[in-house]
There are 4 protein chains.
Amino acid sequence: MTEQPPKRKPGRPKADGKNQTMIQIMRTAAFLFMEHGFEKVSLEGVAQACGVTKASVYYYFNNKAQLFTESVLLVLSVALEQTRRIMEGPGSLQERLLKVAEGHMANAHVDFETMMREASAGLSEEQITRIRNAENALNQLLEDVFRQAIADGEIAPANPLLLAHAYIAVMTVRNRKEIVNDKESLQQAAKDIIQLFWNGLAPRKP
Amino acid sequence: MTEQPPKRKPGRPKADGKNQTMIQIMRTAAFLFMEHGFEKVSLEGVAQACGVTKASVYYYFNNKAQLFTESVLLVLSVALEQTRRIMEGPGSLQERLLKVAEGHMANAHVDFETMMREASAGLSEEQITRIRNAENALNQLLEDVFRQAIADGEIAPANPLLLAHAYIAVMTVRNRKEIVNDKESLQQAAKDIIQLFWNGLAPRKP
Amino acid sequence: MTEQPPKRKPGRPKADGKNQTMIQIMRTAAFLFMEHGFEKVSLEGVAQACGVTKASVYYYFNNKAQLFTESVLLVLSVALEQTRRIMEGPGSLQERLLKVAEGHMANAHVDFETMMREASAGLSEEQITRIRNAENALNQLLEDVFRQAIADGEIAPANPLLLAHAYIAVMTVRNRKEIVNDKESLQQAAKDIIQLFWNGLAPRKP
Amino acid sequence: MTEQPPKRKPGRPKADGKNQTMIQIMRTAAFLFMEHGFEKVSLEGVAQACGVTKASVYYYFNNKAQLFTESVLLVLSVALEQTRRIMEGPGSLQERLLKVAEGHMANAHVDFETMMREASAGLSEEQITRIRNAENALNQLLEDVFRQAIADGEIAPANPLLLAHAYIAVMTVRNRKEIVNDKESLQQAAKDIIQLFWNGLAPRKP
DNA sequence: AATGAATGAGTGTTCATTCAT
DNA sequence: AATGAATGAACACTCATTCAT
């Protein structure tokens, strides 16, 4: 009756590493929610798209709202990391904004605000807050970048928070198929938009 | 035997400009669709909000898709007229854009693109086309204005269609409560956004 | 544009008289709830037993709790009327109690308390109150009868409310199949129980 | 190869009186079943209340019906022993009946008949029989006591089985909150009920 | 012109049960 | 001895839609 140092826990050990099924479900769900919105996505649909059963989804998530929350938080954290890496990288501000825009526009998603408005009826206060916080982290990142750029004289002075929001809003223009799909490549669209955002409408005096 | 009892005719049924009930239903439905999106609005809800029965709604509209289509077309036509009046009115381009932005931002609505994306799964090709056409009329109006302004040298040269879309996108920023609600009035927000849109980020050379 | 005195209401008139379908559903539901309890009865089951669809049940009742409440109230009101008629009728108290017991025991039902305990988790406060009130009307009726009988010296003095409850409890004995089903007829069982209730266990002094 | 891994053996699995986990599960389950009834108790709930996993419950019991059966049998055997001890103890019949009633009424449980009715749909014939037998042992005990008391002239002659059932039925009156909770203590209620049961309603001749 | 009645298909959710570890 | 993962069947409830009146 001595102590067993290894102290193995009883029962089946938690699936290797990061639980692949659960992450797969979250990824799929995130994609579908972004593509179709909260209401239109059925858990049955998510399950089938993952090749599992609806009950399996419920094994990992208590309800639709939680699945939505966790999925969205996952992609937000990824997007934040990606954006931060680009922003901390080399290149002029304009170049880096362009890179971010390209990444953002490549991801097929309804703009966030829309999706949240629709979903928020079914989410708890706490869930909304958590998502908003994650979203704000992204805005904060951009805001800081703009603030610094203003201080450096790299761009004209303005409300940095407003700039961040507007920048994101402009990026959603890519959804309009008439513009993007046609002759111009997605990259060209991104370039045009950043250009517009950069120079504004006012004519330059020579 | 020319007169038939009103039995499921396709298309917009006799909008003889008189039928008060029908118009009332369309107005109510439009408001609800804009507020909550396509899926979340139930015909029962529309009916109750109008003080009639669900069956009455079906008396005027063959199905939810048609009700949606007609309702949206109604508000689009109104918006078009309003925008045209402003744009043909007096003032500099910047001033008139500001006026339009104020009107747009005052209407409590999900941005169009979002609503359409959600709804389009349930609409026929023809219905989508009709709505897109009405929407394009609005974009066209703005596009023409921008094109003319470019020709007049009032703004810097750019793709006028892109300008139109981006302009609308920027206007949706108003939804972000953090920006609008706080210290700045809605009018101030509109002004800031137009300003940003106008001047761009690039620093002016003196 | 004169007044039309008949003033017929528009639309299909409410089905003749007392709406047969709705009553049929309530009767069936009441029977099933009494037989199997709240949880075990599915709305699908109720619907099928009525030869209608689940959705039809929902057309008349907002949810399971409401269906339960209305159904139970219906049978309670019938039982109250029936009991009152017997109690106000002719015969000695013992005879009338016997008659009530026979009627009560003929109706296949779980004793009320049991059913309510199970159901009450799913009912609103108001619904519970309404049922309790209807139930109390029955108890009140018996209580009054017992009180009067005590005053008349027809039975020994005791707490009338307790008598009423105990009387109802004793009637539920009939559920025990070993007793009722076997050799003794239901009537004989009722007679025995009332006899026991009447004379008690104590031996009579000659 | 005589020893098999514990793989779904029918009947009560090795209750070697030692396995603490198994007994803990049965106790918890019994309590929950009595408190909430068969359907409303989920195996997940039982497991959590025991601090184990659902799968652990299935390790000891093949299915819900078996868990129910074994748990109920356990408490019935305890109740039988307890009742026998009281009945074989000192005091007049009335006093001992009162003691049993107090013990019975103290245990928070739905009355047996109710629980069984709800559960029996999910139990096998054999399981029902086993429980009924255990229950009957209790009734038999009371029946024998009553029979002896009749023979001794301690109580008036009557069907002893009926007396046993009615006695148990009367004890369930304690559930009615209006009676028990108010001014009278639970003990007083028990006393009143036994008194009523003892003396009956008929007036005593002086 | 407008309505009451009825339905079918789908949605979110629960739960007993199985199986590999 | 005990567990994590996964599933199928059922359930309460909603909603767009139809039809006779």
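Residue numbering restarts at 1 for every chain, and letters A, B, ... go by the order of the sequence lines.
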Who are the side chain to side chain contact (heavy atoms under 4.5 Å, CB included) partners of [X], not counting sequence neighbours?
X	value
B/Lys40	A/Glu39, A/Ala121, B/His36
C/Ala49	C/Thr28, C/Leu32
A/Glu126	A/Ser124, A/Arg130

To the nearest Å, give me how far apart [atom1] ([X]) and [atom2] ([N]) are.
X	N	atom1	atom2	value
D/Ile25	F/dA1	CD1	P	12 Å
B/Met22	E/dA2	CE	P	12 Å
A/Lys40	E/dG12	NZ	P	12 Å
D/Gln24	F/dA2	CD	P	12 Å

Heavy-atom closest contact (A/Gln127 atom, A/Leu123 atom, distance):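 Shortest heavy-atom contact: OE1-CA, 3.6 Å.
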
So [Y] and [X], do their side chains get closer than 4.5 Å, heavy atoms only?
X	Y	result
D/Ile23	D/Arg27	yes
D/Ile25	D/Phe61	yes
D/Met26	D/Tyr60	no
A/Glu118	A/Phe33	no
A/Val75	A/Met34	yes

For residues 65-72 of chain A, which side-chain donor-acceptor pairs fall under 3.5 Å, sequence neighbours excluded?
| from | atom 1 | to | atom 2 | distance (Å) |
| --- | --- | --- | --- | --- |
| A/Gln66 | OE1 | A/Asn62 | N | 3.0 |
| A/Gln66 | OE1 | A/Asn62 | ND2 | 3.0 |
| A/Thr69 | OG1 | A/Ala65 | O | 2.8 |
| A/Ser71 | OG | A/Leu67 | O | 2.6 |

At a heavy-atom distance below 4.0 Å, what parts of residues 56-66 of chain A sit against DNA chain F?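 Under 4.0 Å from DNA chain F: A/Ser56, A/Tyr59, A/Tyr60.
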
Could you check B/Lys54 against A/Val41 and say which one's nearest nucleotide on DNA chain E is further toward the 5' end?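 With B/Lys54 and A/Val41 compared, the 5'-side residue is B/Lys54.
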
When you match C/Val52 and B/Thr53 each to their closest nucleotide on DNA chain E, which lands nearer the 5' end?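 Result of the comparison: B/Thr53.
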
Intra- and inter-strand pairing of DNA chain F, written as dot-bracket with Watson-Crick and G-U pairs under 3.5 Å and | for the latter, reads .||||||||||||||||||||

If you compare every side-chain N and O of A/Thr21 against the phosphate oxygens of F/dA5 (OP1, OP2), does one of them come in below 4.0 Å?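 Looking at the OP1 and OP2 atoms of F/dA5, neither is under 4.0 Å from any side-chain N or O of A/Thr21.
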
Contact list please: residues 42-51 of chain A against DNA chain E, heavy atoms, distance less than 4.0 Å, in numerical order.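 Contacts with DNA chain E under 4.0 Å: A/Ser42, A/Leu43.
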
B/Ala55 vs B/Glu39, nearer the 5' end of DNA chain F by closest nucleotide: B/Glu39

Pairs meeting criterion salt bridge (Lys or Arg N to Asp or Glu O under 4.0 Å) with involvement of residues 41-52 of chain A, two or more places apart: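 Pairs touching residues 41-52 of chain A that pass the test: A/Glu44-A/Lys54.
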
